[in-house]
Novice: 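Okay, here's the structure, questions in a sec.
Just so it is clear: chains get the letters A, B, ... in the order the sequence lines come, proteins before strands, and each one is counted from 1.
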Amino acid sequence: MEKQRAGEATPPNFIRDIIIKDLKNNTHGGRVITRFPPEPNGYLHIGHAKSICLNFGLAAEFGGICNLRFDDTNPAKEESAYVDSIKTDVRWLGFDWEDRLYYASNYFDRLYAFAEELIRSGKAYVDHLSPEEIRRHRGTLTRPGTNSPYRDRSVEENLDLFHRMRAGEFEEGACVLRAKIDMASPNIIMRDPPLYRIRKVRHHRTGDAWCIYPMYDFAHCLSDAIEGITHSVCTLEFENNRELYDWVLDNLDVPARPRQYEFARMNLSYTVLSKRKLVQLITEGHVKDWDDPRMPTLSGLRRRGYTPGSIRRFCRRIGVARRDSTIDVSLLENSIREELNRTAPRRMAVLHPLKVVITNYPENRSDSLTAINNPQDPNAGTREVPFSRELYIEQEDFMEDPPRKFFRLAPGREVRLRYAYFITCTDVIKDEASGEIIELRCTYDPKTRGGNAPDGRKVKATLHWVSAPHAATADVRLYDRLFKTPNPTGDAQVDFIANLNPDSLKTLSDCRLEPSLGTADAGQQFQFERLGYFCVDTRDALPGKPVFNRTVTLRDTWARIEKQMQQKKKPRKKS
RNA sequence: UGGGGCGUCGUCAAGUGGCUAAGACACAGGAUUUUGAUUCCUGCAUUCGGAGGUUCGAGUCCUCCCGCCCCAGCCA
């Protein structure tokens, strides 16, 4: 096993501390059993990755196990398609639940028996109040609730009623099984919470076997107990539910006594993570689907070119705590750059082509030059790239009237073409009608082959380029942040949709790539030199016709300088 | 306004009464560079939401105050 690099060890967090203490005190018989419990009603996103890494990571670190358990107690919202995508994503992230793939729905019989046990001990009752009446009886944050008139039915009557609920004798909403706790509890969760409701809906796994389904608060803690979970880790919004979690387990004869611990869910700048909002983005057509490369879903990130390792490292770096937090996306971006810098083969690709004719280079001749595949990895070897009289360079690498700090190509200036020759710009050809620059005439110095001048003269810039007659053509998708504001949902007055970045996707259809890129396979990742990291799309690419997605740009100091110069030019706005 | 939580650098986050308050990202300088990339240096909280108090000593303990988050689904 590769030794963890310094600073990459799992940082301490309070849940880890609890486990260490429990292990020391033999609280759970020295065992650590966690679980990742998604509801199959949507795709996993980067926030779930935090939970997955935490739960599986904790188990791995302390010699325990982590189960994958689908919390499928609401058939109206859940689908097996989501089960499949979740399994794919967890596996892709690099975690293995082995033979421990569980479903809350597998426990429906046992859960039903637990409910009967609660009724028999006088701690649950069937309530015939309507949903509206239940709400009214619940009271408010500051006022206690009032008891349901059905609260004191006998055990026999409750048992009978509950059996009849299960038998389908009542309509949806006609009645519900409730825990008999305390309608005056300051914790609203404890005011006789519903345990079972009637749903005459086909369940994706149990079919029509049931018409009553357990609520989260009843099913989750008992599922944990059934599986012998020791540390039930969830997010902070369930903190109020912990009292009920404990109540259920304390009032039933359960096989194990798990404990719930809560950590803060993450927010990520320039995006949204709530399932409701992600769904909205899809249904309103702002993005294509769950796996749109702009989505913070694991399938979106995967398609964007993020690797499992980069996401795991990101999750390790953000830590686990109880305070609200918004992680800067640059941390995520840094995680993938860091990996791809080490691993991605370099290639040259011209996204916005500007034709260059080397006037002193013979027609009908070509040249083959050796390029290094990855300067960070000597084992990556080299490749040959063709050179000829007609080339393409990046439009933004030439300026007719360059500012001081611009040291790329300009009239009369000499620059290096990477791995090729020094060239000097002699003429600028423009479209007569529009004035647009359509071609450059340059000369090359044959003595600089490979990129070095024998006389030792230096150039200030090295440009990437592609030989025109040899180039492959492809579509390249430039993805950027989905929202233009760091906190798209921050202003309650503004619909987050209004904060969408209109430039989150730019599709370029006339990009010229070095020939080898024309046959790249789906999923392959490259660094396009001086531009960024790109991968071949896995959905829209055809054999021999790849489509490239930009994962992330390279850090771009020049862009920053340009921006600063622009800001200087503009008169400062009064603050 | 009832209850439950949380406030340490721009963003995360260590810190569990006793060296000069870790580290990462971001940012700003500089060096190296055939990617304005990478890499490498350097800088970046006299102060921990605020005010009092306890203590020889407080980010850590106490009191009060301020701010933010969660809970009134037959969702999870």
Novice: Is B:C19 paired to anything, Watson-Crick or G-U wobble with both distances less than 3.5 Å, and if yes, which nucleotide?
Specialist: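 Base-paired to nothing in any strand shown.
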Novice: Scan A:Glu239 against the nucleic acid and name what it touches under 4.0 Å (heavy atoms): base, sugar-phosphate only, or nothing.
Specialist: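 Touches sugar-phosphate only.
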Novice: Look at the side-chain N and O atoms of A:Arg322 and state whether any lies under 4.0 Å from the OP1 or OP2 oxygen of B:C6.
Specialist: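 Affirmative; the distance criterion is met.
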Novice: Please work out if A:Asn241 contacts a base, only the sugar-phosphate, or nothing of the nucleic acid, heavy-atom cut-off 4.0 Å.
Specialist: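 Here A:Asn241 touches the bases of the nucleic acid.
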Novice: Looking at A:Arg555, I'd like to know whether one of its side-chain N or O atoms comes within less than 4.0 Å of OP1 or OP2 on B:U38.
Specialist: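 It does, given that an N or O in the side chain of A:Arg555 lies less than 4.0 Å from OP1 or OP2 of B:U38.
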Novice: Regarding A:Phe407, tell me which of base, sugar-phosphate or nothing describes its non-hydrogen contacts under 4.0 Å with the strands shown.
Specialist: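 The residue A:Phe407 makes base contact.
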Novice: Base, sugar-phosphate alone, or nothing: which one does A:Leu141 contact when heavy atoms must sit under 4.0 Å apart?
Specialist: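 Answer is base: heavy atoms of A:Leu141 come under 4.0 Å of a base.
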Novice: Establish whether the base of B:G3 is bridged to the side chain of A:Asn240 by a donor-acceptor pair shorter than 3.5 Å.
Specialist: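 A donor-acceptor contact between them is present.
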Novice: Mind checking if A:Asn41 touches a base, just sugar-phosphate, or nothing, with heavy atoms under 4.0 Å?
Specialist: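 Counting heavy atoms under 4.0 Å across all strands, no contact is made by A:Asn41.
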Novice: Indicate, yes or no, whether a donor-acceptor pair under 3.5 Å links the base of B:U35 to the side chain of A:Arg346.
Specialist: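 Side chain to base: pair found, below 3.5 Å.
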Novice: In this structure, are over 12 heavy atoms from other groups packed under 6.0 Å from A:Arg143 atom CZ?
Specialist: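 Counting neighbours around CZ of A:Arg143, 12 or fewer heavy atoms of other residues, nucleotides or ligands fall under 6.0 Å, so no.
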Novice: State whether A:Arg560 places a side-chain N or O below 4.0 Å from either non-bridging phosphate oxygen (OP1 or OP2) of B:C27.
Specialist: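 A:Arg560 to B:C27 OP1/OP2: side-chain N or O found under 4.0 Å.
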Novice: Under the 3.5 Å rule, do the base of B:G23 and the side chain of A:Arg317 count as making a donor-acceptor pair?
Specialist: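 In this structure, the two groups form no donor-acceptor pair.
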Novice: Any base atoms under 4.0 Å from A:Gln527, or only sugar-phosphate, or nothing? Heavy atoms, all strands.
Specialist: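 Since a base atom lies under 4.0 Å of A:Gln527, the category is base.
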Novice: Which value, rounded to the nearest 0.5 Å, describes the distance between A:Glu243 atom CD and A:Ile181 atom CD1?
Specialist: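 Taking CD in A:Glu243 and CD1 in A:Ile181, the distance rounds to 8.0 Å.
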Novice: With sugar-phosphate meaning primed atoms plus P, OP1 and OP2, does A:Pro486 contact a base, only sugar-phosphate, or nothing at under 4.0 Å between heavy atoms?
Specialist: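 Counting heavy atoms under 4.0 Å across all strands, no contact is made by A:Pro486.
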Novice: Under a 3.5 Å cut-off for both contacts, is B:C64 paired Watson-Crick or G-U wobble with anything, and if yes, with which nucleotide?
Specialist: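 B:G50 is the nucleotide pairing with B:C64.
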Novice: Determine the Euclidean distance between corresponding P atoms of B:G43 and B:G36; express it in Å to zero decimal places.
Specialist: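 After rounding to an integer number of Å, I get 28 Å for this pair.
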Novice: Give one of base, sugar-phosphate or nothing for A:Met215, where a contact means two heavy atoms less than 4.0 Å apart.
Specialist: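 Since only primed, P, OP1 and OP2 atoms lie under 4.0 Å of A:Met215, the category is sugar-phosphate.
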Novice: Determine the Euclidean distance between corresponding C1' atoms of B:A14 and B:U60; express it in Å to zero decimal places.
Specialist: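 That atom pair is separated by 13 Å.
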Novice: Report yes if at least one side-chain N or O of A:Arg197 is closer than 4.0 Å to OP1 or OP2 of B:A76; otherwise report no.
Specialist: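 True: A:Arg197 side-chain N/O within range (under 4.0 Å) of B:A76 OP1/OP2.
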Novice: Side-chain N or O of A:Gln260 less than 4.0 angstrom from OP1 or OP2 on B:G4?
Specialist: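 Answer is no, no contact under 4.0 Å.
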Novice: What's A:Val415 touching, base or sugar-phosphate or nothing? Going by heavy atoms closer than 4.0 Å.
Specialist: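 No contact at all - A:Val415 keeps every heavy atom at 4.0 Å or more from the nucleic acid.
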Novice: Please give me every residue in residues 126-136 of chain A whose heavy atoms get under 4.0 Å of an atom in RNA chain B, ordered by residue number.
Specialist: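 Hits under 4.0 Å, by residue number: A:Leu129, A:Ser130, A:Pro131, A:Ile134, A:Arg135.
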Novice: Cut-off 3.5 Å, side chains only: do A:Arg316 and A:Thr10 have a donor facing an acceptor?
Specialist: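 No, no side-chain donor-acceptor pair sits under 3.5 Å.
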Novice: Looking across every strand, which nucleic acid part, if any, lies under 4.0 Å from A:Arg416 by heavy atom: base, sugar-phosphate, or nothing?
Specialist: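 Base contact - A:Arg416 has a heavy atom under 4.0 Å of at least one base atom.
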Novice: Can you tell me how far C1' in B:G15 sits from the matching atom in B:C9, rounded to whole Å?
Specialist: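 The same atom, C1', in both gives a distance of 15 Å.
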Novice: One thing to verify: whether A:Lys405 and A:Glu562 come together as a salt bridge, which I'm taking to mean a side-chain N less than 4.0 angstrom from a carboxylate O.
Specialist: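 Salt bridge: no.
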Novice: Give, for atom CG of A:Leu244 and atom CG of A:Asn187, the distance between the pair rounded to the nearest 0.5 Å.
Specialist: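 With rounding to 0.5 Å, CG (A:Leu244) is 8.5 Å from CG (A:Asn187).
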Novice: Please give the nucleotide sitting opposite B:A31 as a Watson-Crick or G-U wobble pair, both distances under 3.5 Å, or none.
Specialist: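 Result: B:U39.
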Novice: Does A:Asp328 contact B:C12 through a side-chain donor or acceptor facing the base, at a distance under 3.5 Å?
Specialist: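 Under the 3.5 Å cut-off, the side chain and the base do not form any donor-acceptor pair.
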Novice: Do any side-chain nitrogens or oxygens of A:Arg138 fall under 4.0 Å of OP1 or OP2 in B:G73?
Specialist: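 So the side-chain polar atoms of A:Arg138 do come within 4.0 Å of the phosphate oxygens OP1 or OP2 of B:G73, strictly under.
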Novice: Taking the nucleotide of RNA chain B with the closest heavy atom to each, which residue, A:Asn341 or A:Lys77, is nearer the 5' end?
Specialist: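 Its nearest nucleotide lies further toward 5', so the answer is A:Asn341.
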Novice: Could you tell me which nucleotide pairs with B:G2 by Watson-Crick or G-U wobble geometry, both distances under 3.5 Å, or answer none if nothing does?
Specialist: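 B:C71 - that is the nucleotide pairing with B:G2, both distances being under 3.5 Å.
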Novice: Across the strands shown, which category fits A:Leu554 at heavy-atom distances under 4.0 angstrom: base, sugar-phosphate, nothing?
Specialist: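 It contacts base atoms.
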Novice: Within the structure shown, what part of the strands sits under 4.0 Å from A:Phe238 by heavy-atom distance: base, sugar-phosphate, or nothing?
Specialist: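 Since a base atom lies under 4.0 Å of A:Phe238, the category is base.
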Novice: Under the salt bridge (Lys or Arg N to Asp or Glu O under 4.0 Å) definition, can you give me all pairs with a residue in residues 182-199 of chain A, not counting sequence neighbours?
Specialist: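 For residues 182-199 of chain A: A:Arg151-A:Asp192, A:Glu172-A:Arg199.
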Novice: Give none if B:A45 has no partner; otherwise give the nucleotide forming a Watson-Crick or G-U wobble pair with it, both distances under 3.5 Å.
Specialist: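 The base-pairing partner of B:A45, which may sit in any strand shown, does not exist here.
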Novice: For B:C68, does either OP1 or OP2 sit under 4.0 Å from a side-chain N or O belonging to A:Arg323?
Specialist: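 It does not, given that no N or O in the side chain of A:Arg323 lies less than 4.0 Å from OP1 or OP2 of B:C68.
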Novice: For B:A58, what is the paired nucleotide under Watson-Crick or G-U wobble rules, both distances under 3.5 Å?
Specialist: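 Its partner is none (no Watson-Crick or G-U wobble pair with both distances under 3.5 Å).
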Novice: What does A:Lys460 touch in the nucleic acid at a heavy-atom separation under 4.0 angstrom: a base, only the sugar-phosphate, or nothing?
Specialist: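 The residue A:Lys460 makes no contact with any strand.
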Novice: Are A:Ser185 and B:G3 close enough that a side-chain N or O sits under 4.0 Å from OP1 or OP2?
Specialist: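 No, outside the criterion.
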Novice: Is any side-chain nitrogen or oxygen of A:Thr462 closer than 4.0 Å to OP1 or OP2 of B:G36?
Specialist: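 So the side-chain polar atoms of A:Thr462 never come under 4.0 Å of the phosphate oxygens OP1 or OP2 of B:G36.
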Novice: Looking at A:Tyr112 versus A:Phe162, is the centre-to-centre ring distance below 6.0 Å?
Specialist: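 A:Tyr112 vs A:Phe162: aromatic centres under 6.0 Å.
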Novice: Would you give the length of the straight line joining atom CD of A:Glu227 to atom CD1 of A:Ile229, rounded to the nearest 0.5 angstrom?
Specialist: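 If we round to the nearest 0.5 Å, A:Glu227:CD and A:Ile229:CD1 are 5.0 Å apart.
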Novice: From the options A:Thr448, A:Asp367, A:Asn452, select the one residue that forms a side chain to side chain donor-acceptor pair (under 3.5 Å) with A:Tyr421.
Specialist: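 Only one option passes, and that is A:Asp367.
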Novice: For A:Thr140, answer base if it contacts any base atom (sugar-phosphate contacts may also be present), sugar-phosphate if it contacts only those atoms, and nothing otherwise; contact means non-hydrogen atoms under 4.0 Å.
Specialist: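 Answer is base: heavy atoms of A:Thr140 come under 4.0 Å of a base.
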